[in-house]
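Down below is the structure, laid out as structure tokens.
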Amino acid sequence: MVERRTLAECDPAIAGLVRDETERQEFGLEMIPSENFVSEAILEACGSVLTNKYAEGLPQKRYYGGCECVDRVEEIAQERAMKLFGAEFVNVQPHSGATANQAVFESYLTPGDTIMGLKLDHGGHLTHGLKVNFSGKHYEVVAYGVDENTHQINYDEVRALAEQHRPKLIISGASAYSRAIDFQKFQEIAESVGARHLADIAHYAGLIAAEEYPSPLPFSDYVTTTTHKTLRGPRSGMIMAKEAYAKDINRSVFPGLQGGPHMHTIAAKAVAFLEAAQPSFRDYAKQVIENARALSAALIEEGFSVVSGGTDSHVLLVDVRPADITGKEASEVLDSIGITANMNTIPYDPQPPRVCSGVRFGTPALTTRGMKAGEMKTVARFIREAVDHRGDQQKLTSLQNDIRSLSEQFPLYRHRLV
Ligand code: DSN
């Protein structure tokens with residue numbers, strides 16, 4: 001018989017940790033730009049009995065019986081994703097953004113082929129060609145950077161590198177790049193050298209769905225994304241592509257890389273696509289960007305320097321050197337008072353990656369709680385005060401209390417704590 005006790009009755013250790021994490025999320029300020037808070041409906045889908053089902057293959061073409069319900073779930077997820085982004089084709093099975101990128105690589109490239117991507121320490125991603133990642137181990141990597149003065153992508157440099165090295169794949173997209181990316185230009189450069197273009201929109205997907213950030217669809221060869229950042233869905237990934245590449249992508253995901261798809265997560269992705277198609281989500285995305293701009297302006301007013309001078313998205317990269325502190329020290333002191341962010345290299349960083357001169361902040365999670373520009377000003381002040389009083393425990397405790405009071409005004413999952 002199936003175990004019917006609650007999690008708390010059955011496993012108090014894990015239940016206690018889930019409760020502690022709920023409390024941490026509820027009473028702190030989540031400012032990691034790749035994190036967000038999903039709806040109760042998405043949590044319900046993630047925790048549903050769909051986790052029990054094997055469904056290797058694609059809808060109506062499975063290797064297991066009993067797939068009639070999950071077939072419809074996956075079809076609905078596909079239909080909603082294609083409509084939301086204007087895609088010709090989608091595969092909603094990748095378990096993560098990294099897997100989605102790997103599946104694209106394997107569908108088209110041969111080990112030893114040349115790829116181009118943004119350098120990790122200029123805002124790129126591990127899977128865009130880092131030496132210790134599959135993308136850097138199996139492929140020749142030509143990395144482009146951002147301009148030393150503007151800290152923005154220099155498309156002339158991208159074009160020159162592409163002409164010189166003739167890559168097979170050019171990757172656009174980033175993890176710590178706040179400005180609008182000209183995806184059309186990337187596609188044009190790729191086509192001009194006979195390469196294909198992969199736009200990795202993991203960070204920007206929700207803003208793109210809301211038409212608040214440039215879209216690489218429908219003209220890009222491949223578009224990959226995670227679903228849990230600005231898109232505010234469950235932790236997962238997906239691939240969109242031109243219809244001509246559909247068969248190769250499908251085979252690359254399964255049986256190439258993955259076995260059974262996680263049907264409970266696919267159901268939750270379907271719910272997220274439905275939520276992102278609502279007018280209220282457009283308002284949300286607009287507010288995310290307004291808040292990021294307000295935070296950026298307020299941090300500059302507090303004496304910090306913001307890489308590239310501002311932001312066009314949900315993320316900003318702050319150079320903390322004017323406060324005489326490293327990125328590592330700044331993120332640690334912020335963590336100690338309940339502001340969660342991450343240290344990050346800034347372009348041309350004089351510090352090594354484990355120390356860094358920057359901190360990366362984002363507004364998707366705070367905006368989900370209902371915070372607006374006024375709160376961003378308050379948060380910028382907390383950040384400055386924490387950094388300035390990093391040795392003063394009394395002041396840090398008082399800031400921690402202020403942060404708890406602010407978060408209490410914007411309830412999240414509090415009902416789950418009682
Ligand atoms: N780790 C993600 C981020 O924080 O941006 C990227 O995969």
Side-chain angles (χ1 to χ4, degrees), residues 24-25 28-38 94-105 115 117-136 141 143 146 153 171-179 181 198-208 213 216 222-239 257 265 269 272 288-289 292 295 307-308 311-318 327-328 330-332 334-335 339-347 349 353-354 356 358-368:
R24 189 192 70 79
Q25 293 184 15
L29 298 178
E30 182 49 73
M31 299 188 74
I32 293 175
S34 46
E35 294 192 13
N36 211 331
F37 301 118
V38 299
H95 301 325
S96 70
T99 316
N101 284 347
Q102 192 173 7
V104 169
F105 280 39
I115 61 165
L118 179 61
K119 290 177 191 165
L120 184 73
D121 57 355
H122 283 205
H125 187 251
L126 306 173
T127 57
H128 298 183
L130 189 72
K131 266 280 157 249
V132 293
N133 181 261
F134 78 88
S135 56
V141 180
V146 296
I153 294 168
I171 305 160
S172 62
S175 286
Y177 186 77
S178 65
R179 294 304 191 167
I181 295 174
L198 159 61
D200 179 345
I201 60 166
H203 264 265
Y204 317 100
L207 311 179
I208 291 170
Y213 189 87
Y222 308 101
V223 178
T224 53
T225 187
T226 53
T227 47
H228 50 271
K229 299 184 174 98
T230 51
L231 192 52
R232 210 167 57 182
R235 183 160 302 279
S236 198
M238 90 175 156
I239 303 170
L257 278 175
T265 311
K269 283 188 253 193
V288 165
I289 298 174
L295 181 65
V307 169
S308 87
T311 178
D312 301 324
S313 64
H314 62 300
V315 57
L316 48 142
L317 192 52
V318 177
K328 182 174 190 297
S331 67
E332 281 172 0
L334 293 176
D335 212 19
I339 294 181
T340 315
N342 65 283
M343 66 169 168
N344 212 101
T345 50
I346 55 168
D349 203 323
R354 277 177 211 275
C356 301
V359 178
R360 188 181 66 150
F361 292 103
T363 52
L366 295 189
T367 309
T368 293

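Scope of the values below: all heavy atoms of this structure, side chains included, with no hydrogens, waters or symmetry mates. Each ligand, and each atom within it, is numbered from 1 in the order the structure gives.
Distance alone, capped at 3.5 Å, places no donor-acceptor pair between the Thr225 side chain and the Thr227 backbone. Put simply, the side chain of Ser135 gets close to the backbone of Leu126: a donor and an acceptor are under 3.5 Å apart. For Lys269 (side chain) and Gly237 (main-chain N/O), a donor-acceptor pair under 3.5 Å exists by modelled atom type.
When each atom of ligand 1 is checked for a heavy atom of His125 under 4.0 Å away, the hits are 6 (C), 7 (O). Less than 4.0 angstrom separates some heavy atom of His203 from each of these atoms of ligand 1: 3 (C), 5 (O). Against a heavy-atom cut-off of under 4.0 Å, Ser175 is close to the following atoms of ligand 1: 5 (O), 6 (C). Less than 4.0 angstrom separates some heavy atom of Ser34 from each of these atoms of ligand 1: 3 (C), 4 (O), 5 (O). Proximity to Arg360 (heavy-atom distance under 4.0 Å) selects the following atoms of ligand 1: 3 (C), 4 (O), 5 (O).
Heavy atoms of Glu35 come nearer than 4.0 angstrom to ligand 1 in no pair at all.
There is a protein heavy atom closer than 4.0 angstrom to atom 4 (O) of ligand 1.
Using modelled atom types, one finds a donor on one side chain and an acceptor on the other under 3.5 Å when comparing Arg360 with Asn342.
Between Tyr204 and His314, the ring centre distance stays below 6.0 Å.
A 4.5 Å side-chain heavy-atom check between Pro94 and Ile239 finds at least one atom pair inside the cut-off.
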